[in-house]
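When a residue number appears, it is its place in the shown sequence, counting from 1. Here the structure is a predicted model, which means the values were calculated and not measured.
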Amino acid sequence: MIGRLLVANRGEIARRVFRTCRELGIQTVAVFTDADASAPHTAEADQAVRLGAPLAYLDPERIVEAARRSGADAVHPGYGFLSENAGFARAVLDAGLTWIGPSPEAVAAMGRKIEAKALMAEAGVPVLPTIPLSPDGPVEVTAPVLVKASAGGGGRGMRVVRDPADLAGAVESARREALSAFGDGTLFAEPLLEGARHIEVQILADAHGTVWALGERECSIQRRHQKVIEEAPSPAVTPELRRELSEAAIRAARAIGYQGAGTVEFLLSDEGFFFLEMNTRLQVEHPVTECVYGVDLVRLQIEVAEGAHLAALPPSPVGHAIEARLYAEDSTGRPQSGVLHSFEIPGVDGEFGLGARLRLDSGVLSGSEIGVHYDPMLAKVVSYGRDRAEAARRLADALARARIHGLTTNRDLLVGVLRHPDFLSGALDTGFLDRHPAPAPLAGPEAVRLSALAAALAGVAANRAAARRDGVLGGLPSGWRNVPSQPQRAVFHAEDGGRLEIAYRLTRDGMRAEGFDDVTLVAVDPGRVVLETAGLRHAFEVAAYPGVRPGAVHVDSPLGPVRLTPVERLPEPAARVTPGALPAPMPGTVLRVEVKPGDVVEAGQPVVVLEAMKMEHLIVSPASGTVAALHVTPGAQVEAGVPLAVIEPSPPGEPDGGPHADATGTAPTPEPGAAAGPATGAGSDPDRGDHPGADGLPETSPETSPETNPATTPETSAAISPETGAAFSAEIGPEIGPEIGPEIGGEIGREIGANPGGEATQP
């Protein structure tokens with residue numbers, strides 16, 4: 001029996017394993033690097049062993065030594081990192097420890113895709129033809145193909161080739177990326193099947209010959225070959241097809257003497273289904289199977305490793321489950337880093353647990369810092385329902401209402417997919433996000449405007465509350481004058497780069513806000529504002545983080561989440577950016593420089609190839625012009641925002657744009673069924689492509705100049721509601737009049753001040 005178990009992983013999977021260990025009465029040991037010293041998984045274990053540098057999770061010797069030092073008698077590899085490293089599995093066994101997983105021989109058999117496909121073909125599992133790609137000679141192809149890394153997964157070393165003329169360049173780029181990510185540049189190609197689905201079967205096998213197939217999971221919603229949303233069962237799989245898939249998966253497991261939990265992945269098209277790969281570990285998306293089959297896969301892994309017998313038949317499925325992977329990334333998929341100020345998912349009734357209708361498996365908490373070293377997945381949010389429609393609706397609503405402050409995430413993308421008619425109808429394939437790449441933001445333009453108004457009013461209320469607390473003219477309203485001259489103003493930048501200027505005045509007749517003729521202020525305090533517009537009331541929850549540079553205000557409401565950046569009246573001096581500078585969008589290593597000083601370049605032409613996250617990113621010219629300077633050479637390490645080159649634009653009148661990076665490691669059209677394979681790079685999510693170096697990307701912004709007060713504009717008024725009526729008199733006396741209620745007099749406002757022109761101070 002296992003008494004103390006070490007999890008050779010981090011983040012949400014480490015916490016997930018710890019949860020089951022607590023239920024079984026098994027003591028837990030965490031390993032952590034310096035970057036994870038304050039991570040939740042480090043704090044939750046009974047013991048924690050420091051490994052050192054961020055890449056130490058990839059060091060088998062350190063992990064085994066940590067197990068010895070802590071007195072652990074078993075090791076669970078989680079997923080990613082060393083979970084599919086046969087050498088690590090052997091080292092654990094050689095140290096006299098229990099390995100929670102398949103044998104090293106089984107791991108090795110499935111570790112290389114070319115050999116694995118040959119083995120599966122011998123076992124009678126359908127496979128696609130393999131086209132060898134030798135580095136010693138050219139290969140000709142006549143049809144669209146997918147270039148793949150034999151040792152890879154997660155989208156790295158993968159390229160779609162539709163034009164035979166592009167094959168040589170795709171192979172060269174894929175080989176470099178595969179070498180960087182997996183230490184093995186062996187490539188092959190397969191026919192590209194358009195419009196196919198990515199289907200996988202969960203298996204579980206004991207040491208006594210019993211193999212379960214726990215149904216299938218639909219994993220077709222992918223971006224750049226990386227899974228985004230998974231569900232069980234698949235809306236496309238009939239009972240007869242499910243039987244055929246399960247039989248093929250069981251044959252695959254028996255062919256290599258498999259033991260423990262694993263996944264056999266297939267590509268499903270009109271032509272049939274074909275083996276992609278076998279993941280010899282627990283999958284990231286295992287919670288949807290747990291929900292539908294009512295099993296704890298981690299518990300079963302541990303019990304099988306202890307020698308237990310599985311029942312002759314697996315349990316039967318009930319209901320439907322959908323999982324969404326919530327990432328800290330921008331709309332282009334670039335990872336973000338920084339402090340996660342608030343992380344709250346409403347309606348969660350179970351963390352890492354079975355029986356929940358809304359389950360959260362998270363590696364972070366409010367206040368966690370998301371660094372640049374690992375995959376930026378924040379959490380997996382899983383909904384369970386009687387049917388697919390119920391599960392999709394519950395998950396979309398929970399994500400839309402979530403309070404996620406401090407970092408940009410893919411939340412809008414997830415909700416957009418879950419509510420899309422094609423998704424709800426089950427019309428899925430791996431090209432779904434190619435056809436629907438950019439769902440509309442949850443908060444539309446009008447919601448952003450109202451949220452900005454709410455933010456301005458909440459800011460005033462916060463200032464007034466602070467003034468009362470500090471005894472500074474606490475009874476006077478914001479911007480009060482005997483003879484008003486113009487409204488107060490608050491200016492924000494929206495996430496789309498737009499500028500929002502809110503001009504308002506609080507008078508005895510109520511709130512007047514320019515451009516908000518039909519808006520009535522109902523209630524306000526520093527964290528909550530209620531507005532009524534066109535007869536409908538909306539509550540806005542406002543959270544300001546003034547200590548963050550640049551400052552941030554998050555406004556959450558049923559109209560959609562909004563993130564605003566306040567524009568200060570007297571901003572701190574900002575670094576000036578050289579005109580035409582091409583900054584690095586992320587930390588990384590310069591692989592190649594494609595131009596030299598004096599070259600004439602076109603807009604969009606590659607200038608530098610940057611390696612980050614073990615993928616290649618093209619840094620392209622923002623405009624047509626001349627290369628005035630180069631600041632980097634191949635092999636240089638750069639930080640985000642560091643100028644790589646300076647492009648002197650062509651004469652005025654020609655189009656211009658902003659610098660950006662194109663990831664050459666991502667295909668324009670995701671290949672149907674590009675599977676998540678063995679992950680040897682650092683990170684907690686191999687199916688997405690875990691690896692060291694997933695970086696946050698602070699943008700270099702132009703120099704900020706101080707705001708000036710615009711000229712006074714005509715004011716429009718909106719009546720104040722009866723709820724906030726009554727009188728300001730209790731706070732500020734009869735000069736202001738008895739019509740305005742104490743809620744506004746007591747909560748709205750800030751210290752009085754005047755500039756030389758006699759204008760009211762701005763909030």
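Residues Thr280 and Glu84 approach most closely at N-OE2, 2.9 Å, considering heavy atoms. Scanning all heavy atoms of the two residues, the minimum distance from Leu378 to Ser362 falls at O-OG, 3.3 Å. What you find for Arg15 and Val364 is that their closest heavy atoms are NH1-O, 4.1 Å. Scanning all heavy atoms of the two residues, the minimum distance from Asp429 to Gly431 falls at OD1-N, 2.6 Å. Gly185 approaches Leu179 most closely through the heavy-atom pair N-CD2, 3.4 Å. Closest of all the heavy-atom pairs between Val171 and Leu187 is O-CD1, 3.5 Å.
Counting heavy atoms from C-beta on, the side chains of Ile619 and Val609 never come closer than 4.5 Å. Counting only heavy atoms from C-beta outward, the side chains of Pro191 and Val145 never approach each other to under 4.5 Å. The side-chain heavy atoms of Leu267 and Leu128, taken from C-beta on, include a pair separated by under 4.5 Å. Looking only at side-chain heavy atoms (C-beta outward), Val638 and Val590 come within less than 4.5 Å of each other. With a 4.5 Å cut-off on side-chain heavy atoms, Glu265 and His198 count as touching. In this structure the side chain of Val147 never reaches within 4.5 angstrom of the side chain of Glu190, judged on heavy atoms. By the 4.5 Å heavy-atom criterion applied to side chains, Ile13 and Leu282 are counted as neighbours. Glu323 is listed as a side-chain neighbour of Val284, based on a closest heavy-atom distance under 4.5 Å.
Applying the side-chain hydrogen bond (donor to acceptor under 3.5 Å, both in side chains) test to pairs two or more places apart or on separate chains, those with a residue in residues 626-643 are Thr589-Gln637.
Not a single ring-ring contact (aromatic ring centres under 6.0 Å, His included) links Phe274 to another residue, sequence neighbours left out. Under the side-chain hydrogen bond (donor to acceptor under 3.5 Å, both in side chains) criterion, Arg90 pairs with Glu105, not counting sequence neighbours. Residues satisfying the side-chain contact (heavy atoms from CB on, under 4.5 Å) test with Pro144, not counting sequence neighbours, are Arg162, Leu192. Partners of Asp496 by side-chain contact (heavy atoms from CB on, under 4.5 Å), not counting sequence neighbours, listed by chain and number: Ala494. Legend: residues meeting salt bridge (charged side-chain N to carboxylate O under 4.0 Å, His left out) with Asp59, ordered by chain and number and at least two apart, are Arg62. Partners of Glu115 according to the salt bridge (charged side-chain N to carboxylate O under 4.0 Å, His left out) rule, which considers only residues two or more places apart in sequence or in another chain, are Arg112. For Ser368, the side-chain hydrogen bond (donor to acceptor under 3.5 Å, both in side chains) criterion is met by no residue, not counting sequence neighbours. Qualifying ring-ring contact (aromatic ring centres under 6.0 Å, His included) partners for Phe343, counting only residues two or more places apart in sequence or in other chains: none. With sequence neighbours left out, the salt bridge (charged side-chain N to carboxylate O under 4.0 Å, His left out) criterion links Arg563 to no other residue. Qualifying salt bridge (charged side-chain N to carboxylate O under 4.0 Å, His left out) partners for Asp34, counting only residues two or more places apart in sequence or in other chains: Arg50. Residues passing the side-chain contact (heavy atoms from CB on, under 4.5 Å) test with Ala106 are Pro102, Ser103, Ile256, Tyr258, sequence neighbours excluded.
A salt bridge between Lys380 and Glu285 is absent, with no side-chain N of the basic residue lying under 4.0 Å from a carboxylate O of the acidic one. Glu200 has a carboxylate O that lies under 4.0 Å from a charged side-chain N of Lys227, or vice versa, which qualifies the two as a salt bridge. For the pair Asp184 and Arg175, the salt-bridge criterion is not met [side-chain N within less than 4.0 Å of a carboxylate O]. At a threshold of 4.0 Å, the pair Arg223-Glu329 counts as salt-bridged, since one of the basic side-chain nitrogens sits closer than that to a carboxylate oxygen.
Distance check, rounded to the nearest 0.5 Å: CD1 of Ile131 to CG of Leu146 gives 10.0 Å. Between atom CZ of residue Arg281 and atom OG1 of residue Thr263 there is a gap of 7.0 Å, rounded to the nearest 0.5 Å. The CG atom of Asn410 sits 11.5 Å away from the OG1 atom of Thr332 when rounded to the nearest 0.5 Å. From Leu407, atom CG reaches atom CG of Asp330 across 11.5 Å, with rounding to the nearest 0.5 Å. In this structure, NZ on Lys148 lies 12.0 Å from CG on Leu133, to the nearest 0.5 angstrom. With rounding to the nearest 0.5 angstrom, the NE2 atom of His405 is 10.5 Å from the OG1 atom of Thr409.
A donor-acceptor pair shorter than 3.5 Å can be found between the side chains of Glu602 and Ser624. Inspection of the Thr130 and Lys117 side chains reveals an N or O donor paired with an N or O acceptor under 3.5 Å. A side-chain N or O of Asp36 and one of Tyr57 form a donor-acceptor pair less than 3.5 Å apart. For the 3.5 Å distance criterion, the side chains of Arg224 and Gln222 fail to qualify, holding no donor opposite an acceptor. Residues Thr408 and Tyr327 have side chains that never bring a donor and an acceptor to within less than 3.5 angstrom of each other.
Of the possible donor and acceptor atoms, one in the side chain of Tyr374 sits under 3.5 Å from a partner among the backbone N and O of Pro54. Listed for the Asn9 side chain is no donor-acceptor partner under 3.5 Å among the backbone atoms of Val31.
Between Phe266 and Phe275, the angle of the ring planes goes over 60°, which puts this pair in the perpendicular group of the 30/60° scheme.
The ring of Phe88 has its center no closer than 6.0 angstrom to the ring center of Phe81.
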**OP:** Go through the steps to decide whether Leu414 and Leu326 satisfy the test side-chain contact (heavy atoms from CB on, under 4.5 Å), and finish with yes or no.
**Re:** CA-CA 8 Å; Leu414 298 173; Leu326 186 65; 4.0 Å; yes
Subject >> salt bridge (Lys or Arg N to Asp or Glu O under 4.0 Å) between Arg592 and Glu594, worked out >> reply: CA-CA 6 Å; Arg592 299 191 309 281; Glu594 304 284 8; 3.1 Å; yes
**OP:** Tell me, with the steps shown, if Leu582 and Val646 meet side-chain contact (heavy atoms from CB on, under 4.5 Å).
**Re:** CA-CA 6 Å; Leu582 194 63; Val646 175; over 6 Å; no
Subject >> Worked verdict on Arg325 versus Glu230 for side-chain contact (heavy atoms from CB on, under 4.5 Å) >> reply: CA-CA 9 Å; Arg325 302 189 189 192; Glu230 303 100 343; 2.5 Å; yes
